[in-house]
Each structure stands twice: as structure tokens, then as C-alpha cells.
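What follows is a short report on a single structure.
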Amino acid sequence: MVTTNGRTGGGGADDRASGRDNGQWYPPEWPDRIRRLAHGELEPVPPRRASTVLLLRTGADGALAVHMLRRRTSMAFAGGAYAYPGGAVDPRDERDVPWAGPSPREWAARLGVEPEVAQAVVCAAVRETFEEAGVLLAGPDPATVVADTTGAEWEADRAALAGHELSFGDFLERRGLLLRSDLLGGWARWITPEFEPRRYDTWFFVAALPDGQRTAGVSTEADRAVWIRPAEAVAGYDRGELLMMPPTVSTLRALLPYGDVSAVLASAGERDLTPVLARARLVGEEIVLSWPGHEEFTKHLSSRPPHTPATATPGADA
């Protein structure tokens with residue numbers, strides 16, 4: 001199977017579009033919003049900061065696999081799309097939390113933000129991975145990781161975190177755990193286009209599935225969860241069978257050269273985290289939507305709203 005961003009995918013292409021130009025549907029409000037933006041009549045919505053994590057493991061066949069979720073079609077953002085565990089930064093992610101690994105100041109230099117923002121972004125990445133996938137990148141000391149997060153008490157904590165009844169800092173302190181920021185590697189950064197009404201500035205991270213832990217099943221936000229080889233996920237997208245947004249496809253393609261988890265993590269420090277932001281131009285009766293450096297996602301749309309389409313549906317699991 002497959003899975004953006006978590007709900008933070010933050011890529012910009014509409015969740016309901018298949019990603020293929022041939023017969024692609026797009027939201028009827030796009031042309032009007034793009035025209036208004038081009039004419040200075042639309043004030044862009046400030047993007048919310050968000051984090052998402054490409055959780056990796058080596059499968060029984062020795063091949064690299066990534067954990068993906070299919071977001072429920074009822075979700076306001078990225079409904080029906082495959083993505084990674086992730087979500088928006090919560091204000092409570094900005095409070096001090098028990099911490100091990102590179103400091104917020106070190107992460108600030110890597111992410112290109114202030115230390116307090118870096119802390120919140122990293123905290124959101126670890127919190128969302130636990131909320132959506134049941135995987136916890138934390139341990140009782142800087143050298144160990146929790147080995148098992150299954151059971152009723154862990155599930156109760158996940159529900160309380162997802163319901164905003166419990167802050168991640170309080171959760172870690174009560175359990176005597178440290179957030180392990182050294183288990184994350186920065187991978188990419190995408191910002192939702194300025195004409196979108198719901199926008200995210202999303203950092204994508206990579207992390208290995210800790211020994212002894214296993215991912216949870218479906219959740220209130222996802223109706224399907226799978227481990228899949230990146231090449232299989234990309235092939236499913238290329239065939240139009242798996243619905244994904246540009247950031248998800250791009251980050252999957254970036255995994256293709258790597259044969260194992262350690263190679264991915266070793267290369268993370270060299271990844272360019274310059275944010276990718278879509279551009280929209282009016283060319284006569286056509287709208288040209290492009291993502292600089294990612295030509296495969298360029299779309300040529302009629303400047304007139306399309307007819308009301310049928311809802312796109314991904315194919316079977318890969």
C-alpha cells in the first residue's frame with residue numbers, strides 16, 4: 001500500500017487529483033483564485049508549519065520499505081490521498097520537552113529557522129509519528145529507544161494526544177522519556193501554493209522504525225496503512241492507481257537510489273531543504289501551474305472552471 005503528510009503534505013496539488021495531466025480533475029475554485037492572486041485581489045493565507053516523517057525499514061526481502069497511510073476521504077485536507085504520518089505544529093510543541101540528540105539550535109541551522117521554531121517542528125514530527133503510526137522516537141536515555149508501544153495504556157495516550165487532551169511534553173515527562181532528535185534526518189521542505197485556502201509549510205523527515213516497535217493500523221484520519229517499496233509506490237502513482245500529492249511523489253522518487261535504511265539516513269544531512277513553492281501563471285486562456293525544479297508536476301489548466309467531476313479513487317493496494 002501507500003501514503004502525504006500527512007495531513008501536512010503541504011505540496012499544493014489538490015488531493016483529489018490523480019497526478020496525471022491526461023483527464024486530470026482539479027478543484028473548480030482554482031482558476032478564479034489564481035486569477036485573483038495574479039491581479040492582486042487575493043491575499044495569500046499564511047501557511048501553518050507542519051512536519052511529516054518517512055518511516056523506513058528493511059523488509060523481509062531485504063528491500064527498503066516506507067510506511068504510508070491513506071487519508072480518509074472525509075478529511076478536509078488531502079482526503080483520499082496516500083501520505084506519510086504527519087500534521088501541523090501544535091502551539092504546545094513550542095514548550096520545552098525532555099530532549100536528547102542535536103539541540104534545537106543545531107536543528108535551527110539545518111532547517112533554516114529560529115531555534116524555538118526548529119524545536120516545535122521536530123517535536124511535531126515525533127508527536128505526529130506516534131499519534132498516527134504508533135511509533136515513538138523516544139527513550140529513557142540518549143542511547144536507547146522504547147521497544148514496545150502497544151497496549152491499552154499506550155493507546156490511551158495516543159488518543160489523548162490526538163484529541164489535544166495531553167501535551168507531548170507532559171506525555172514524555174510522565175513516562176520518563178526523552179525525545180530522540182538524533183533519530184530524524186531532514187529530507188525536504190514544501191510549501192502549499194499561495195492561491196490555496198488551506199496552506200502548510202511542511203518539513204519532511206526520514207527515520208528508521210525502532211527495533212521492537214511496529215506500526216499501528218488505521219486511525220481516525222487514515223483508513224489504510226501499509227509498508228511499500230518506494231519503487232512500487234511510484235509505479236502505482238505513474239499508473240494512476242495511487243493518489244498522491246507532488247511532495248509525496250517527489251520524496252518517494254528521492255528514495256529510489258538507496259538500497260537500505262542506513263544509506264538513506266547517512267545521506268539526509270546533505271539534502272537541500274530549500275522550500276519548494278508552486279507558481280501559477282496566466283497565459284491567455286490557460287493557467288500554467290509549476291513547481292520549480294520538479295517539471296513532472298507542471299500542469300496546464302483551462303482558466304475556466306471545469307465541470308463538476310466524479311471523486312477520484314485510488315486503486316488497490318500495491
Side-chain angles (χ1 to χ4, degrees), residues 2-42 44-45 47 50 52 70-71 73 75-84 188-202 204 233-254 256 274-315:
V2 304
T3 199
T4 218
N5 181 179
R7 59 179 179 271
T8 76
D14 187 77
D15 332 308
R16 296 159 288 184
S18 69
R20 295 179 301 167
D21 290 335
N22 183 21
Q24 181 187 26
W25 173 78
Y26 55 95
E29 66 271 16
W30 266 19
D32 178 63
R33 294 186 64 87
I34 291 172
R35 282 196 301 269
R36 289 168 57 200
L37 180 66
H39 296 152
E41 301 169 355
L42 179 68
V45 176
T52 191
R70 186 176 68 181
R71 294 173 56 76
T73 56
M75 297 298 296
F77 185 80
Y82 283 96
Y84 315 114
R189 180 183 177 187
W190 288 65
I191 302 177
T192 310
E194 293 182 332
F195 58 81
E196 286 274 33
R198 182 178 283 105
R199 303 185 63 214
Y200 297 94
D201 181 354
T202 305
F204 289 73
V234 168
Y237 166 84
D238 288 338
R239 293 192 301 267
E241 296 173 358
L242 300 176
L243 185 65
M244 299 182 207
M245 296 167 68
T248 308
V249 180
S250 174
T251 49
L252 280 171
R253 292 198 194 283
L256 296 180
T274 301
V276 179
L277 175 65
R279 297 173 180 171
R281 296 181 293 119
L282 291 174
V283 183
E285 292 296 312
E286 187 176 62
I287 293 170
V288 180
L289 182 60
S290 61
W291 282 258
H294 300 268
E295 287 71 21
E296 73 163 299
F297 303 123
T298 298
K299 306 186 189 309
H300 298 265
L301 314 175
S302 169
S303 62
R304 297 179 179 181
H307 296 298
T308 301
T311 302
T313 303

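From a predicted model like this one, the values you see are computed outputs, not experimental measurements.
The shortest side-chain heavy-atom distance between W190 and S250 falls under the 4.5 Å cut-off. In this structure, Y82 and L252 have side chains that are not in contact, with every pair of non-hydrogen atoms separated by 4.5 Å or more. Residues V45 and R198 have side chains not in contact (no heavy-atom distance under 4.5 Å, counting atoms from C-beta outward).
Of the inter-residue distances, the one linking I34 atom CD1 with H39 atom NE2 reads 11.5 Å to the nearest 0.5 angstrom. Separation of atoms CD1 (I287) and CZ (R281) is listed at 11.5 Å; rounding is to 0.5 Å. The line from CG of D238 to CZ of R253 is 4.5 Å long, rounded to the nearest 0.5 Å.
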Item to check | Check against side chain to side chain contact (heavy atoms under 4.5 Å, CB included), R35 and E41 | outcome: CA-CA 8 Å; R35 282 196 301 269; E41 301 169 355; over 6 Å; no
Item to check | Residues V276, F297; criterion side chain to side chain contact (heavy atoms under 4.5 Å, CB included); working and verdict | outcome: CA-CA 12 Å; V276 179; F297 303 123; over 6 Å; no
Next on the checklist: Checking V249 against H294 for the side chain to side chain contact (heavy atoms under 4.5 Å, CB included) test, could you report, in this order, the C-alpha distance in whole Å, the side-chain angles of both residues, the deciding distance, and whether it holds?
Outcome noted: CA-CA 10 Å; V249 180; H294 300 268; over 6 Å; no
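Between A278 and L289, the closest heavy-atom pair is CB-CD1, 4.1 Å. When all heavy atoms of A233 and L242 are compared, the closest pair comes out as O-CD1, 3.9 Å. Here the closest heavy-atom approach between residue T52 and residue F204 is recorded as CG2-CD2, 3.0 Å.
Atom CZ of R36 is surrounded by more than 12 heavy atoms from other residues, nucleotides or ligands within 6.0 Å.
Partner S290 forms a side chain to side chain contact (heavy atoms under 4.5 Å, CB included) with one of H300, R279, E295 and no other, that one being R279.
With no hydrogens or angles considered, no side-chain donor-acceptor pair links T248 and Y237 at under 3.5 Å.
Within the 3.5 Å criterion, the main-chain N or O of P247 finds a donor-acceptor partner in the side chain of T251. In terms of modelled atom types and a separation under 3.5 Å, the side chain of T192 and the main chain of Y200 share a donor-acceptor contact.
Residues passing the side chain to side chain donor-acceptor pair (under 3.5 Å) test with R33, sequence neighbours excluded: none.
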